[in-house]
Amino acid sequence: MWLWFYKLASPPYAYTVAGKLRPWLLWSAIVLMIVAAYGGLVIAPPDYQQKDAFRIIYVHVPAATMSLSVYVVLAVAAGIGVIWRIKLAHAVAAACAPIGAWFTVLALATGSIWGKPMWGTWWEWDPRLTSELIQLFLYLGYMALRSSFDDTQRADRASAILAIVGVVNVPVVKYSVIWWNSLHQGPSISKLGAPSITSDMLWPLLTMMLAFMLYFAAVLCDRIRSEILKRERNASWLSGVMSTRAAEA
Amino acid sequence: MTEFLHMGGYAGYVWSCYGLTLVVLLGNLWFARRELDNQVLRATRRAQVSTASGSETTSGKAS
Amino acid sequence: MTQMPPDASAREPGLLQIAGLIAARELRLAVRHWDQVAQPLIFFVVVTTLFPLAISPSLTELRNIAPGVVWVAAMLASLLSLESLFRPDVEDGTIEQWALSGQPLPLMLLSKTVTHWLLAGLPLVIMAPVVGTALGMPMSVWPVLAGSLALGTGCLSLLGGIGAALTVAVRRGSVLLALLVLPLEMPVLIFGARAVDLAMHGEAVAGPLNLLAAVLLLCLALAPFAMSAAMRISIE
């Protein structure tokens, strides 16, 4: 089992594995998204209070969940890269950042659009929204710090420290609705206890969240491969790999 | 069908959210692919240059 | 150097001794460069002056925004002072010597940052009641204002130190420094300004102040290590 892990840390192997996985990940994501969208837009009954506007939940919540999960993946990968000095882990962290940033933008935008009919305002400076905005700044700061170093190794390690320091914001976003009296509604799904949302409204949400995760993994495959190519500039294994990519296309 | 599109009066809000989501998801997919293709192109060029010059090390070609 | 105890070579300097030596050095250097110490303070006053000019000279209106204005101005002034925290010492190789000395770099950087706070943060804390009064704050709020800023500027110095260590090797990195550090400092701003705001309305301030204290303790415990790791990367 550990042999597999060590193999995966080798760039050529990771490059090919990512290339092979991507179609599977992407197509399952697409199928699940269609199913979840159908469930959320057609099958699920309108909400008692929010009527049909609640259907925004099926894109807003998965986007928001991903905005935090991707950051955790980023921070963990960066930590692994710094502690065990695995270059590929740094590549994973770098690859995560733009995807996570866009999820955060999507969460903020869909949340804002949802907020207008529900709360009467496009924006509120309450803890959940504010900390999610800070999350976006953390992503942007991470990418800005990365790009300010010419040397990839230094960029990797400096941005890793920033990522780890910033991970403190993730629990703040997650628990902000519990810790403070927030305008944003409380958690509808929790690991323990029954969810406060009916099952025909719940399953499309869970399906969409899974779909978003698979989608993230699919996009990550491409981005990791780009990062590997950028970093392995002079490696001899590259020429063999080029023909595989050409064959894929 | 019109009821579905109408979304109980919230059509503007719901469909703009879903539309935005589609744009962001497709955009990320497309840009990631494009970046990969660029990097593959560059790597291929580098490999070609190094084999053409007949040496193991790559030239100082800026990419 | 003539009166050396016989076993001086065998005696390692203690941690407090190291911290004290560094603090003394910082203070001595600061005395020689008073202008560097005074400038952020002047900036603080100037920025707070901008708001009455831009918004309204009416004290009743200014009173509402006074906590926020004082706090934001303090944050910006602290950002400016961060420029002089590490850069001069990295440029002349002092930090490199510290990193190679075999003594714990986190401790040395912590000592440097604490002294920097005494020179940059503490003056803000003392000046804040004056500026606050100019913006219509009642005297009764001064203790909470000074207290929240004392805790807050401590956090700002520590968090700012991490950002400064990360960007010290980046050319023209001051804007990047602000971009990195301000999001991390936002919770401090929220709690601090809220505490003063609550005090102005006569409500209990224990909540935000306790949170500020907790953040400060967290920063004191962890920031030195982040600073040290970042610094080692920057100076290599």
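The shown structure was predicted, so the numbers you read here are calculated from the model rather than taken from an experiment. Below, chain A is the first sequence line, B the second, and so on; all start at residue 1.
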Side-chain ion pair, A/Lys87 and A/Asp156, N-O less than 4.0 Å: no
Portion of A/Leu106 that has a non-hydrogen atom of chain B nearer than 4.5 angstrom: side chain
Among A/Met33, A/Lys51, A/Lys230, which has the most heavy-atom pairs under 4.5 Å with chain B? A/Lys230
Could you point out which residue of A/Phe103, A/Phe137, A/Tyr139 forms a ring pair (Phe, Tyr, Trp, His ring centres under 6.0 Å) with A/Tyr71? A/Tyr139
Given heavy-atom pairs under 4.5 angstrom as the criterion, report whether the side chain, backbone, both or neither of A/Pro98 touches chain B. backbone
Pairs of heavy atoms under 4.5 Å with chain B: top-ranked of A/His60, A/Glu227, A/Arg55: A/Arg55
Which atom names give the shortest non-hydrogen contact between A/Pro62 and A/Leu205, and what distance separates them? CD-CD1, 4.0 Å
Tell me whether A/Trp24 at atom CH2 has more than 12 heavy atoms from other residues, nucleotides or ligands lying less than 6.0 Å away. no
Do A/Pro11 and A/Arg231 make a side-chain contact, defined as non-hydrogen atoms from C-beta onward lying under 4.5 Å apart? no
Counting heavy-atom pairs under 4.5 Å with chain A, the top scorer among B/Val23, B/Asn38, B/Leu20, B/Leu29 is B/Leu29
Please work out whether the ring planes of A/Trp122 and B/Tyr13 are parallel, tilted or perpendicular, with thresholds of 30° and 60°. tilted
Quick one: what part of A/Met66 sits under 4.5 Å from any heavy atom of chain B, side chain, backbone, both or neither? neither
Between chain B and each of A/Val219, A/Ile56, A/Val42, count heavy-atom pairs under 4.5 Å; write down the option with the most. A/Ile56
Hey, are A/Gln135 and A/Ser67 close enough side-chain-wise for a donor-acceptor pair under 3.5 Å? no
Engaged part of A/Leu26 at the chain B interface, taking heavy atoms whose separation is under 4.5 Å: side chain
Using non-hydrogen atoms and a 4.5 Å limit, figure out which bit of A/Phe212 sits close to chain B: side chain, backbone, both or neither. side chain
At a heavy-atom separation under 4.5 Å, does A/Ala63 approach chain B through its side chain, its backbone, both, or neither? neither
